[in-house]
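One structure below.
All values reported here derive from a predicted model rather than from experimental measurement. So that the names make sense, note that chain A is the first sequence line, chain B the second, and so on, each numbered from 1.
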There are 2 protein chains.
Amino acid sequence: MMLAICPRAELLARWRRAFPEGRVVASASAAAGAGRGSQLWLHVDDIAVSDLGDRVANLVRANDGVPVVVISAAPDQQRALVALDSGARGFCHALAAPEMMRQVATVVAHGGLWVGPELMRRMLGAVTSKLDRDAGGATADLSRLTPRERAVALEVSHGATNKEAARALGITERTVKAHLAAVFEKFGVRDRLELVIALRDPATVPARSVA
Amino acid sequence: MMLAICPRAELLARWRRAFPEGRVVASASAAAGAGRGSQLWLHVDDIAVSDLGDRVANLVRANDGVPVVVISAAPDQQRALVALDSGARGFCHALAAPEMMRQVATVVAHGGLWVGPELMRRMLGAVTSKLDRDAGGATADLSRLTPRERAVALEVSHGATNKEAARALGITERTVKAHLAAVFEKFGVRDRLELVIALRDPATVPARSVA
DNA sequence: AAAAACATTGGACCGGTGGACAGGGTGCGG
DNA sequence: CCGCACCCTGTCCACCGGTCCAATGTTTTT
């Protein structure tokens with residue numbers, strides 16, 4: 001059974017459309033007794049970030065085996081991370097389409113984890129600064145680069161200095177510079193800063209005609 | 001349709017039991033043409049860690065919209081991270097129970113991400129510790145800056161050099177450096193490159209105001 | 001009024017960066 | 001065999017970027 005926790009039910013209009021058979025309760029204490037196969041969706045807009053971790057953790061602990069999904073109308077990454085770190089299994093926008101919510105529910109029900117593409121990229125980036133193929137917007141034309149150039153470009157786009165990139169790739173700093181120079185040339189940028197900006201927004205990369 | 005990529009089909013006995021209707025092909029090139037709703041499961045035990053990223057990334061790129069799940073008989077976290085970072089949507093043990101594999105397939109099919117509980121904890125740990133490190137100046141939020149600092153930060157975040165920013169704001173290059181140093185301090189970054197990365201979320205970077 | 005924060009600039013130092021010369025190695029197709 | 005593309009490395013040098021030292025005036029807060 002779907003259970004949403006929110007003192008003001010009107011904030012969950014989309015959610016109720018997604019789960020007509022679901023119930024909205026005002027407080028976490030009223031959520032007790034949710035059986036196996038249930039899901040708890042916790043609305044967090046009224047919860048301070050500093051309290052969020054404890055609230056989620058308590059809810060997860062009090063409802064062993066029942067996945068908790070956090071829902072917010074103003075989601076930000078820090079809150080998402082806190083929630084997930086405290087045991088939440090998903091983080092969903094309160095204004096997401098009902099179909100999307102049902103997808104989230106399906107994923108969570110099968111033991112999966114739901115994170116938005118944005119957050120996912122950030123999480124992965126924090127763990128390893130290796131590669132950054134982002135599913136959503138497609139990073140510029142990294143495909144126009146040779147594998148080595150691409151590797152260097154990615155290191156730099158994660159903030160690495162030439163020395164750090166060299167160490168990471170097991171080559172000399174000089175070689176990093178060489179690859180980087182080729183990358184600048186191909187993308188028509190003058191330095192690493194513009195490269196990062198170009199990779200952030202593919203539209204800014206000049207469609208450099210093949211010379 | 002379920003497609004598994006592995007030169008030695010006998011390694012995927014469990015997988016074939018989980019997906020009797022699935023097909024095992026020997027190489028990635030033979031996987032082309034997988035339509036929407038398909039999934040590609042890539043067996044990676046014969047792939048070196050250093051090549052894993054590119055292999056997965058290529059597969060993801062060549063099959064736009066088709067989720068890629070990595071499967072291994074000897075999964076380790078580093079390989080999992082590389083694979084996920086390159087665009088894989090799940091990382092599954094080759095000897096997992098067929099029911100488990102079907103669950104993974106369900107999660108992935110609905111846009112979710114499958115990571116084992118172990119890896120999940122590690123990812124969250126890495127992210128939160130990174131946040132803690134950044135907490136010296138809190139997350140990049142331009143509202144924390146003084147007006148002048150903000151102006152400089154914006155110029156730089158659009159790719160300006162110190163000299164250009166100075167000219168644009170009608171101040172000395174030296175003063176730009178001073179403001180910039182304050183910005184670095186507040187955001188806990190070491191240089192302009194990391195600043196741009198910290199401001200990567202376009203929503204937090206308002207358009208440059210013409211001075 | 002005293003204290004704190006802000007805006008501005010100077011000089012000097014040093015490491016990082018990028019361009020301009022180079023060169024040698026591999027592998028692949030004509 | 002000979003280009004061609006890619007990968008790797010070297011030296012030299014001018015410039016940029018970031019940090020340390022410092023100072024002066026204004027505005028805001030206490």
Side-chain angles (χ1 to χ4, degrees), chain A residues 129 131 141-199 206 208 210-211, chain B residues 29 48 50-51 53-55 57-58 134 136-138 140-199 209 211:
Chain A
S129 58
L131 300 171
D141 285 40
L142 284 176
S143 59
R144 292 197 337 222
L145 305 179
T146 70
R148 251 3 209 173
E149 288 167 356
R150 186 158 49 238
V152 172
L154 288 175
E155 288 296 329
V156 168
S157 76
H158 283 303
T161 65
N162 287 340
K163 197 172 295 183
E164 288 165 349
R167 181 160 206 84
L169 299 177
I171 56 180
T172 317
E173 188 179 346
R174 178 62 191 85
T175 309
V176 170
K177 286 170 139 191
H179 288 310
L180 214 40
V183 172
F184 294 160
E185 168 69 18
K186 284 186 179 176
F187 281 167
V189 297
R190 58 181 179 182
D191 55 32
R192 61 218 293 117
L193 189 61
E194 287 194 355
L195 174 64
V196 169
I197 293 171
L199 289 178
R208 184 157 190 80
V210 188
Chain B
S29 52
S50 53
D51 298 336
D54 283 340
R55 292 286 290 274
N58 287 335
D134 292 348
D141 176 8
L142 287 174
S143 64
R144 302 181 62 86
L145 304 179
T146 71
R148 247 9 207 170
E149 288 166 357
R150 197 177 310 127
V152 173
L154 284 177
E155 289 296 329
V156 168
S157 75
H158 283 86
T161 64
N162 286 341
K163 197 172 295 184
E164 289 165 349
R167 180 159 208 85
L169 299 177
I171 55 180
T172 316
E173 186 180 347
R174 181 62 193 82
T175 311
V176 171
K177 285 182 169 183
H179 288 310
L180 217 38
V183 173
F184 295 159
E185 168 69 22
K186 284 186 178 177
F187 283 169
V189 298
R190 59 180 179 183
D191 54 34
R192 61 215 296 116
L193 194 60
E194 287 194 356
L195 173 65
V196 169
I197 293 171
L199 294 174
S209 59

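Smallest separation of non-hydrogen atoms from A:Gly159 and B:Ile197: N-CD1, 3.4 Å. Closest non-hydrogen pair, B:Glu194 versus B:Asp191, comes out as N-OD1, 3.0 Å. Pairing each heavy atom of B:Val196 with each of B:Ser157, the nearest pair is CG2-CA, 3.9 Å. For B:Val156 against B:Leu195, the heavy-atom pair with the smallest separation is CG1-CD2, 4.4 Å. Smallest separation of non-hydrogen atoms from A:Ala182 and A:Glu149: CB-OE2, 3.2 Å. Of all heavy-atom pairs between A:Ala165 and A:Ala160, the closest is N-CB, 4.1 Å.
Of the candidate nucleotides C:dT17, D:dG18, C:dA7, D:dG18 has the atom nearest to the side chain of B:Arg192. Which of D:dG18, D:dC7, C:dT17 sits closest to the side chain of A:Arg148 comes down to D:dC7.
If you take CG of B:Leu195 and P of D:dG17, they are 13 Å apart, rounded to a whole angstrom. The nearest whole Å value for the distance from the CG atom in A:Asp191 to the P atom in C:dG19 is 9 Å. Between the CZ atom of B:Phe187 and the C1' atom of D:dG18 there is a distance of 17 Å, given to the nearest Å. Going from atom CG of A:Leu180 over to atom C1' of D:dC8 covers 15 Å, rounded to whole Å. Between the CZ atom of A:Phe184 and the P atom of C:dA20 there is a distance of 13 Å, given to the nearest Å. Distance, A:Leu193 CG to D:dC16 C1': 12 Å, rounded to whole Å. Residue B:Glu149 contributes atom CD, which lies 15 Å from atom P of D:dG18 at whole-angstrom precision.
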Query - B:Arg148 vs B:Val152, side-chain contact (heavy atoms from CB on, under 4.5 Å): CA-CA, chis, key distance, verdict - result: CA-CA 6 Å; B:Arg148 247 9 207 170; B:Val152 173; 5.7 Å; no

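Partners of A:Glu164 by salt bridge (Lys or Arg N to Asp or Glu O under 4.0 Å), not counting sequence neighbours, listed by chain and number: B:Arg190.
Listed pair A:Asn162 / C:dG16 fails the phosphate criterion, with no side-chain N or O lying under 4.0 Å from OP1 or OP2. Taking 4.0 angstrom as the limit, A:Thr146 places a side-chain polar atom (N or O) nearer than this to OP1 or OP2 of D:dC7.
We find the CZ-CD distance between A:Arg192 and A:Glu155 to be 11.0 Å, quoted to the nearest 0.5 Å.
For the helix from C:dA1-D:dT30 to C:dG30-D:dC1, the rotation axes defined at the first and last 5 base pairs enclose an angle of 40°, given to the nearest 10°.
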Between the protein and nucleotides 26-30 of chain C, are there any N/O to N/O pairs under 3.5 Å, and if so, what are the atom names and distances?
none

Between the protein and nucleotides 28-30 of chain D, list the N/O to N/O atom pairs that are separated by less than 3.5 angstrom.
none

Taking only N/O atoms, report every protein-nucleotides 9-11 of chain D pair under 3.5 Å with atom names and distance.
unit_1 : atom_1 : unit_2   : atom_2 : d
D:dT9  : OP1    : A:Thr172 : OG1    : 3.2
D:dT9  : OP2    : A:Thr172 : N      : 2.7
D:dT9  : OP2    : A:Thr172 : OG1    : 2.9
D:dT9  : OP2    : A:Thr175 : OG1    : 2.7
D:dT9  : O5'    : A:Thr172 : OG1    : 2.8
D:dG10 : N7     : A:Arg174 : NE     : 3.1
D:dG10 : O6     : A:Arg174 : NE     : 3.1
D:dG10 : O6     : A:Arg174 : NH2    : 2.6
D:dT11 : O4     : A:Arg174 : NE     : 3.0

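Place B:His179 and A:Lys163 on DNA chain C by their nearest nucleotides, and B:His179 ends up nearer the 5' end.
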Please list every donor-acceptor pair under 3.5 Å in which a side-chain atom of residues 167-181 of chain A meets a protein atom from a residue at least two apart or in another chain.
none

